[in-house]
Amino acid sequence: MNIRRALATAVAAAVTAPVVMLSAGSAFADAQPPSQTQKKKPTVAELEKAAAAAKKAYEDALAAEEAAKQAVAAATSDSSPLHVKAKAADKEAGAATAAKAVADKALSDAQFILDKLPADATAADRAAAEKAVADAKKDAEAAAVVEKTAVEKSKAAAKEAKDAEVAAFKALNRASEAVRTTRAAKEAADQALADAKKAAETPSCEPGNLLVSTVLTGLPSQIAAGTSTEFSLRITNGTDKAIARLRAFTYVWAADKSNHKVSAGLLRLQWSTARSGGWKDVDSDRAGVVEKLEAGAHADMKLRLTLDAKTPAGQGFAFVAALNGEKSCDGSKPPMDKYPFEILAAGSKPGTGKTRTTDSKPLGGTSTTPVNTAGSGQLAATGSSSATPKFALAGGAALVVGAGAVAAVRRRRTDG
C-alpha cells in the first residue's frame, strides 16, 4: 500500500503528497502544463506521531460515544428531571380539567334550577337561584383559566423532555460517526506506519518510494528543429547510505501537431562526462553510470539534444530516471519524470511571444535545484545536497498528449 495514499485519510498530522497527471487540450497548448510541488516523503518518526495522534483521537471518540449513550439513557429515563417535571405538569393539568368539569356541572345544575322555577315563585327564591347561577358561572370561568394554564404548562414540559431526547440521540449519532471516522484514520495511519517500516527494511521501486531522485535543469521550453541544446541531469542519493552504483536512464519522445509520433531518428540524445571522453549517444535509453554516490550527495552529467531539421513542429518530452544497480527490483527501468518542451519549425526563434525557461520542471514534481554545468561536466559525487530530493511521482509510462494516449514502454534490460 502506497504511503501517500494511506495518509490521505489519516489525521492532519500525517504528511501527504499529490499525484499528478498531464492532460493536454486540442493540438498543443501554448503554455506548458503547470507543475505541482511535491511534498517531502514522511519519515517513520513523523508517521509514528501521526499514528499516535490518530489513536488518541479514536480513543477520545470512543469515550465521547459512551458519554453520549449514557446521555440518551438519562434523557429517555422516566426518572429524568424533565420527565418527572412533565408528569407532574400532566397530573396538574388533569386535576384542572376535572375541576373545570365540576364547575361546569355546577353551572349547568344552577341554570336548570333557575329555568324550572314555577311562575308563582317568590321574588326571594328567584333572586337566590339567579345568584347561584352567577356564582357558578364565575367559578366555571375561573376553572377554565386554570385548566388552560395547566394544559399549556403540561405541553411545554412534555416538549422540553422530548427535545432533550432528540438532542441526546443527535449527539449520539455525531459521536458514532466520529468513531467511524477516527477508526478509519487510525487504521490508515497504522497501515502507513507499517508500510513505511517495511519500506525502510526493503525499499521498493514504486513511484514515491524511490530512493534516488533525478532532476533536469537548463532544458528550454522551446527548441527549434535543426538546432541543438545542452542541459544537465542531476542524480541525488536520497538514502542514508552510500550507493555503490547507479545507472542513469533518459530518452526523448515527440509528436507532431496531429498527434503522430515523430521518428526517433530525428531526435538525437547524447550524454557527456569527464570520464566519457566526449559526447556519446544514449544507447537503449541508458546514459552514464555513477560509481559510489555518498548518502545525501549528488552527481551531475551533461546532456545534448539535437533535432533534425526535418523534425515537425509539435510537442516533445524528456524522460529521466536513475536505478540503483544493487537493488534492481524486477529488472525493469524505474518510473520516469517527464519534462515537456515545444518543438518549433526549422528557422523559428525560440522565445518569440513566449517565456523561455532555463529551469526545467517535471510533470509530477518541481525542480529548484541549481546544477553547475560549467567545466568538464564530470559525473562524480559532490558534497551533501541541501536541496530536498525530488522523488518521482510519475508512475509508469502512460502519457496523455493532446487527444491521443501514447505508451512509453519500459524495456527490461540488465546492466552492462
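Note that this is a predicted model, so its numbers are computed, not measured.
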Task: Ionic contact status for K85 with E160, cut-off 4.0 Å - done: yes
Open item on the list: Quick check: closest heavy atoms across A168 and A71, and the distance to 0.1 Å?
Closed with: CB-O, 4.0 Å
Open item on the list: Quick one, H298 and I235 - any side-chain contact, counting heavy atoms below 4.5 Å?
Closed with: no
- [ ] For R304, look at atom CZ and say whether over 12 heavy atoms of other residues, nucleotides or ligands are found less than 6.0 Å away.
- [x] yes
Task: Closest non-hydrogen atom pair between F341 and A318, with its separation - done: CE2-N, 3.8 Å
Open item on the list: Contact between V215 and Y339 at the side-chain level, heavy atoms closer than 4.5 Å - yes or no?
Closed with: yes
Task: Minimum heavy-atom distance A248-L233, with the two atoms named - done: CB-CD2, 4.2 Å
Task: Test: R180 and E177 ion pair at under 4.0 Å - done: yes
TODO: Scan side-chain atoms only and decide if E165 and T76 contain a donor-acceptor pair under the 3.5 Å cut-off.
DONE: no
TODO: Report yes or no: do D115 and Q111 form a side-chain donor-acceptor pair below 3.5 Å?
DONE: yes
- [ ] For the residue pair S232 and D300, establish whether any side-chain heavy-atom pair is separated by less than 4.5 Å.
- [x] no
Task: Heavy-atom pair with the smallest gap, counting every atom of L267 and A254 - done: CD1-CB, 4.0 Å
N/O donor to acceptor pairs below 3.5 angstrom from side-chain atoms of residues 131-147, sequence neighbours left out:
{"from": "K131", "atom 1": "NZ", "to": "D135", "atom 2": "OD2", "distance (Å)": "2.9"}
{"from": "E147", "atom 1": "OE2", "to": "T97", "atom 2": "OG1", "distance (Å)": "2.9"}

- [ ] For residues V166 and K170, determine if any side-chain heavy atom of one lies less than 4.5 Å from a side-chain heavy atom of the other.
- [x] yes
Open item on the list: Does any part of the side chain of F319, heavy atoms only, come nearer than 4.5 Å to the side chain of T250, both counted from C-beta?
Closed with: no
Task: Side-chain heavy-atom pair W253, K338 within 4.5 angstrom cut-off - done: no
Open item on the list: With a 4.5 Å cut-off on side-chain heavy atoms, are W271 and D281 touching?
Closed with: no
Open item on the list: Quick check: do P312 and V262 have side-chain heavy atoms less than 4.5 Å from each other?
Closed with: yes
Task: Reference residue L246; test side-chain contact (heavy atoms from CB on, under 4.5 Å); the match among T214, V290, V289, T236 - done: V290
Open item on the list: If you compare all heavy atoms of E342 against all heavy atoms of Q315, which two are closest, and at what distance to 0.1 Å?
Closed with: N-NE2, 4.2 Å
